[in-house]
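Here the structure comes first, spelled out in structure tokens, and everything after it is commentary.
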Amino acid sequence: MAQPTVTDIRAYVLRGGGADYHDQQGTHWIDDHIATPMSRYPEYRESRRSFGLNVLGTLVVVVEASDGSTGFAVTTGGEPAAWIVERHLSRFVLGAPVTALERIWDQMYSATLFYGRKGLVLNAISGVDLALWDLLGAVRQEPVHEMIGGAVRDEQRFYATGARPDLAVRMGFLGGKLPLHHGPAEGAEGLAANLALLADMRAAAGPDAWLAYDCWMSLDTDYALRLARGAAEHGLRWIEEPLPPDDYWGYQKLRKALPPGTLLTTGEHEATRWGFRMLAEMGCADILQPDVGWCGGLSELLRITAIADAHGLLVVPHGSSVYSYHFAVTRHNSPFSEFLMMAPAADEVVPMFHPQLLDEPVPTDGRLSVSTLDKPGFGVRLDPGLPLHRPYPR
Ligand SMILES: C[C@H](O)[C@H](O)[C@@H](O)[C@@H](O)C(=O)O
Ligand SMILES: [Mg+2]
């Protein structure tokens, strides 16, 4: 059956929040002395922006079809990802049927293997893949979740990531995930402060709230184990991404040594089915957390989730707004989702990719009804007032 074809693909960049949600201005919980692999250098310990966590900015991919339909997606990537889209990936998209997502994905990945595989190239591939899913939804006038098998539940529950799990619980979230503030370089004093904060949050959030620590690749196995053992009395539900993503062996060892009841999670800086196969087969985690804008897009996330399911693992994508909501509601092994509290004090619910998307749904009382996703594609629009810049027009 003849399908519309892709007639144009354009890559733009944006600064100031949105998909590159670390790109914040002024005081914000997400850049408040948070432990990272750079924390061993005192000059880079206070702020993640100081070492460039917000250096990339947002990549916006726009695609158009011969029937006049358009699709778009936003992810982290900025100008270098825009170059990859315009100067390399565009050749596999232009002229292709809007249904050719598998062939386009395989060509984008295979053609960039000599310099890609993970990281920024997979962010760019993810952006194109998500834009193509949005375009297909526009052509078919179907929401993405209906095109990938349909919802398995009527609503999605959320936990909140931010500095105030105590407030999140009162807003109806399952609980909260705190950023870890101190790593090994800050010694026993830092560890004590990490545990004291968790104890305070447990007292404030109550005995039943989920509490987790996001360690953002900042620890070593020994510190992670000491943190988890000290946190067990406060009911730490999971310890997230304590080690650098390539230390599969450390994750494997740590998972075997954690206190009973403390889960190990990771994956937001992993990419492709092969990376997640490694995590699954080496027993690195209980919950896999791919970011759909970084792991290879929705097409690859579906493949990753099948691998996880076969290993009895949950897939709870890293905070990625509508791009993961449409996925999560269709998978039995994605029973809850992350919501990043992007208000500077983490004290109110604002759209995760603010200010870039119009009609971006947000949880109410910590949950989102599938019916709020019943619009074509991913169901959001790019704010037409944004200062879009196209750095590499063809
Ligand atoms: C809160 C963490 O430090 C990161 O900023 C966060 O983006 C990510 O790790 C997450 O899981 O949300
Ligand atoms: Mg994380």
Side-chain angles (χ1 to χ4, degrees), residues 17-24 27-39 44-56 58 74-76 123 158-165 168 173-183 194 197-198 201 210-219 224 227 236-245 251 263-271 276 279 284-295 314-321 323-325 328 334 336-346 349-354 363:
D20 188 1
Y21 54 85
H22 288 113
D23 188 23
Q24 299 294 335
T27 304
H28 197 293
W29 71 263
I30 210 163
D31 200 22
D32 176 18
H33 194 106
I34 291 175
T36 79
M38 287 292 284
S39 297
Y44 293 117
R45 196 172 291 169
E46 188 55 34
S47 157
R48 295 192 284 188
R49 281 173 284 182
S50 71
F51 71 74
L53 181 55
N54 64 328
V55 68
L56 292 174
T58 292
V74 294
T75 186
T76 308
N123 290 26
F158 288 80
Y159 75 88
T161 297
R164 298 298 303 273
F173 288 96
L174 290 163
K177 180 170 74 180
L178 282 163
L180 188 77
H181 290 287
H182 308 288
N194 290 333
L197 174 62
L198 185 62
M201 277 302 163
W210 293 6
L211 288 179
Y213 248 143
D214 191 316
C215 305
W216 211 78
M217 308 174 278
S218 64
L219 308 181
L227 173 67
L236 188 72
R237 186 163 175 80
W238 73 76
I239 182 169
E240 178 167 325
E241 207 184 20
L243 307 175
Y251 278 99
L263 300 176
L264 180 55
T265 73
T266 193
E268 70 186 73
H269 296 108
E270 186 56 84
F276 284 90
L279 289 175
C284 296
D286 300 286
I287 300 176
L288 299 178
Q289 302 168 309
D291 184 298
V292 68
W294 304 345
C295 72
L314 295 185
V315 174
V316 180
H318 169 251
S320 36
S321 189
Y323 301 108
S324 56
Y325 302 164
S334 193
F336 58 89
S337 291
E338 175 180 10
F339 187 76
L340 265 159
M341 299 291 275
M342 292 315 299
V349 172
V350 300
M352 191 185 297
F353 282 177
H354 173 77

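Counting starts at 1 for both ligands and their atoms, following the listed order. The chain is numbered in sequence order, starting from 1.
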Minimum heavy-atom separation for [X] to [Y], with atom names?
X	Y	value
Asp291	Gly319	OD2-O, 3.6 Å
His269	Trp216	CE1-NE1, 3.6 Å
Ala271	Trp294	CB-O, 4.0 Å

> Is the side chain of Arg48 donor-acceptor paired with the backbone N or O of Met38 at a distance under 3.5 Å, no angle test?
Replying inline: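 Side chain of Arg48 to backbone of Met38: no pair is present.
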> Where the Mg ion (ligand 2) is the corner point, what angle links OD2 of Asp214 with OE2 of Glu240, to 10°?
Replying inline: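 OD2 of Asp214 and OE2 of Glu240 make an angle of 90° at the Mg ion (ligand 2), to the nearest 10°.
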Going by the order shown, which atoms of ligand 1 are within less than 4.0 Å of some heavy atom of [X]?
X	result
Lys177	10 (C), 11 (O), 12 (O)
His22	4 (C), 5 (O), 7 (O)
Glu268	8 (C), 9 (O), 10 (C), 11 (O)
Ile30	5 (O)

Any side-chain heavy atom of [X] within less than 4.5 Å of one from [Y]?
X	Y	value
Tyr251	Glu241	yes
Asp286	Thr265	no
Phe158	Phe173	yes

Tell me the protein heavy atom at minimum distance from [atom], and give that distance in Å.
atom	result
atom 3 (O) of ligand 1	Arg48 NH1, 2.9 Å
atom 12 (O) of ligand 1	Glu338 OE2, 2.5 Å
atom 7 (O) of ligand 1	Tyr21 OH, 2.6 Å

>> Test of understanding: given a 4.0 Å heavy-atom threshold, classify the contact between Glu241 and ligand 1 as side chain, backbone, both, or neither.
In response: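 The answer is neither; Glu241 stays 4.0 Å or more away.
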> With respect to the Mg ion (ligand 2), what is the nearest N, O or S atom of Glu268?
Replying inline: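 Distance check against the Mg ion (ligand 2) picks out OE1 in Glu268.
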>> Please state which option from Thr265, Ile34, Asp214 has its nearest heavy atom closest to atom 2 (C) of ligand 1.
In response: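 Of the listed residues, Asp214 has the closest heavy atom.
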> Do Phe51 and His22 make the cut of ring centroids closer than 6.0 angstrom?
Replying inline: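 Between His22 and Phe51, which both carry aromatic rings, the centre distance is not below 6.0 Å.
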> With a cut-off of 2.8 Å, does Glu241 place any N/O/S atom under that distance from the Mg ion (ligand 2)?
Replying inline: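 Short answer: no, not a single N, O or S atom is under the cut-off.
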